[in-house]
Amino acid sequence: MEMRIAPAMSITDKLNILAEAAKYDVSCSSSGSSRSGDGKGKGIGNTVASGLCHSFAADGRCISLLKILFTNECIYDCKYCMNRCSNDVPRASFTPDEVCELTMEFYRRNYIEGLFLSSGILYNPDYTMELICQTLYKLRTVHRFQGYIHVKAIPGADAALIQRAGFLADRMSVNLELPTAESLRKLAPNKHRKTILRPMKLIQNGIAQNRNELVLYDHAPHFCEAGQSTQMIIGATPESDYQVMTVAESLYQKFSLKRVYYSAFVNVNQDKDLPALPGGPPLLREHRLYQADWLLRFYDFTVEELLTEDRPNFNMMIDPKADWAVRHLEQFPVEINRADYRLLLRVPGIGVKSARRIVSARRFGRLNFEDLKKIGVVLKRALYFITCNGKMMYPTKIEENYIVRNLTYQNLASRKERNLFSPDGMQYEQLSLFSK
């Protein structure tokens with residue numbers, strides 16, 4: 001294939017532009033597949049299913065991968081995108097060899113554990129996807145790189161190119177962009193929902209077929225071993241949390257996705273069709289959606305349980321699990337020594353690990369509150385919803401307003417003081433956004 005990338009810019013200048021251009025794409029995860037070197041000195045790097053060694057930036061994004069765009073050139077004019085074709089921004093494109101050089105040099109210096117490669121659309125989807133496939137092929141075969149690779153599938157690219165990339169990458173993702181087809185037509189008129197969903201189905205079918213091949217042939221090549229994911233921009237369009245989570249639930253069921261990522265809309269363009277967001281990006285809303293997503297994937301909740309058309313948005317003051325609990329107080333308090341595993345998962349302050357530990361530990365004796373604390377239960381939240389041996393931890397009301405008031409009580413005295421007292425004299429602790 002003839003290369004049509006201008007080489008005038010240095011690789012360092014390209015890196016500065018294309019790393020900055022990639023920061024709004026949050027759909028990257030560094031876990032899910034296992035592979036080690038061949039032990040003969042012919043390969044470099046490895047990855048493990050439990051996850052790579054990675055750190056996180058202050059906003060929670062993973063920074064252990066070399067996260068870049070192949071190019072920020074784009075033929076599309078999506079109104080929310082910094083790299084849209086109508087924007088006057090510095091443009092750059094890597095060559096496959098330059099991406100390989102950067103990945104290997106960063107890896108040797110222990111800066112990264114793998115590569116996250118996305119791209120704008122250079123000339124057309126097929127041309128761009130072909131360049132990405134060339135890059136992955138050279139990394140895997142010429143440079144013998146065995147580390148983690150996450151790559152974006154380009155909607156509209158030929159199915160054969162998507163398949164080639166799937167045999168070279170650990171994870172692939174196709175950005176849904178916006179929750180509904182109507183919003184996509186409004187803000188990304190060059191993109192179409194069917195074009196986006198088609199490669200998702202191709203990847204899903206490739207994974208399923210490869211799983212069957214691996215049963216028959218031990219040495220069959222792996223296809224997208226870490227699965228696929230997608231990303232939705234939240235806050236650019238007026239969809240409710242109920243609509244967003246319904247779309248996510250459908251994607252998990254129809255395409256067997258590993259993750260749906262939610263990206264708080266950041267207004268980087270001046271456009272009449274974009275919201276002003278005077279309070280800044282809706283980061284708390286993004287956080288609540290992630291918490292709800294966790295409930296769908298690991299806590300056996302459904303969207304219909306968490307939200308309804310009459311109550312379509314999450315309570316920003318408390319997390320979705322606590323919000324569900326205070327609206328279903330008829331199911332509480334739960335007796336820790338008798339409740340089944342599924343019911344334990346529905347208690348605020350009890351996570352998957354602590355629920356399993358409770359079920360295991362009570363086979364050897366009855367549990368009390370001190371035992372629960374050692375097991376890992378967050379008692380400051382669970383105390384409203386549980387009993388041990390028929391007794392609550394403290395005398396407390398099973399009443400929605402009372403519980404919500406104490407869960408959200410603010411520390412008016414000092415931010416440094418972590419212990420709070422409610423008006424009834426009971427002691428509570430300020431909640432963290434990252435509590436269970």
Side-chain angles (χ1 to χ4, degrees), residues 1-11 13-25 27 66-103 115-140 142 149-169 172-178 184-185 187-200 202-203 230-231 268-269:
M1 183 183 69
E2 179 188 358
M3 190 78 67
R4 292 183 280 172
I5 296 176
M9 193 178 295
S10 72
I11 190 171
D13 291 336
K14 290 182 180 182
L15 179 61
N16 290 335
I17 293 172
L18 295 173
E20 175 70 14
K23 70 180 182 180
Y24 297 110
D25 198 328
S27 181
L66 173 59
K67 184 178 177 182
I68 53 175
L69 296 184
F70 189 91
T71 178
N72 67 341
E73 297 275 2
C74 197
I75 61 175
Y76 297 147
D77 198 27
C78 303
K79 296 183 180 182
Y80 51 81
C81 184
M82 172 65 77
N83 303 312
R84 63 183 184 176
C85 61
S86 61
N87 271 4
D88 184 15
V89 297
R91 303 287 180 173
S93 300
F94 285 122
T95 65
D97 287 333
E98 287 173 333
V99 175
C100 292
E101 178 185 346
L102 282 171
T103 303
L115 171 67
F116 174 79
L117 185 61
S118 185
S119 185
I121 310 301
L122 185 64
Y123 299 115
N124 58 66
D126 281 346
Y127 183 83
T128 306
M129 198 69 213
E130 174 65 33
L131 288 174
I132 289 174
C133 287
Q134 284 187 29
T135 303
L136 302 191
Y137 181 79
K138 288 185 176 183
L139 270 173
R140 294 301 196 200
V142 177
I149 295 179
H150 181 154
V151 68
K152 285 299 177 70
I154 306 297
D158 188 86
L161 293 172
I162 302 293
Q163 185 179 46
R164 280 176 56 192
F167 281 113
L168 296 167
M172 296 184 73
S173 54
V174 187
N175 281 357
L176 192 66
E177 304 289 355
L178 295 165
L184 200 65
R185 284 193 295 270
L187 298 186
N190 305 114
K191 296 181 179 179
H192 305 282
R193 191 64 168 260
K194 289 183 179 179
T195 307
I196 293 172
L197 296 180
R198 190 175 297 116
M200 282 190 187
L202 288 172
I203 295 168
T230 192
Q231 174 188 3
V268 294
N269 297 319

Closest non-hydrogen atom pair, Cys133 against Arg164: CB-NH2, 3.6 Å
Ile121 backbone acceptor or donor facing Thr128 side chain under 3.5 Å: no
Shortest non-hydrogen contact between Pro96 and Gln134, atoms and distance: CG-OE1, 3.9 Å
Taking every non-hydrogen atom, the tightest pair across Phe70 and Leu18: O-CD1, 3.6 Å
Heavy-atom pair of closest approach, residues Leu66 and Leu115: O-CD1, 3.3 Å
Residue Tyr137 excluded, over 12 heavy atoms near OH under 6.0 Å: no
Approximate separation, where rounding is to 0.5 Å, of Tyr127 OH and Ile75 CD1: 13.0 Å
Euclidean distance, Met82 CE relative to Cys74 SG, rounded to 0.5 Å: 13.5 Å
Rounded distance (nearest 0.5 Å) linking atom CG of Asn175 with atom OG of Ser118: 6.5 Å
Atom pair SG/CG of Cys81 and Leu187 - distance to nearest 0.5 Å: 12.0 Å
Min side-chain heavy-atom separation Leu69-Asn83 under 4.5 Å: yes
Heavy-atom side-chain contact between Ile196 and Leu176 under 4.5 Å: yes
Heavy-atom pair of closest approach, residues Thr195 and Pro199: O-CD, 2.9 Å
Where Ala165 and Met172 come nearest, the two heavy atoms and their spacing: CB-CE, 3.8 Å
Backbone of Arg84 reached by a side-chain donor or acceptor of Asp77 within 3.5 Å: no
Expected output: side-chain Arg198 to main-chain Ala157 donor-acceptor under 3.5 Å: no
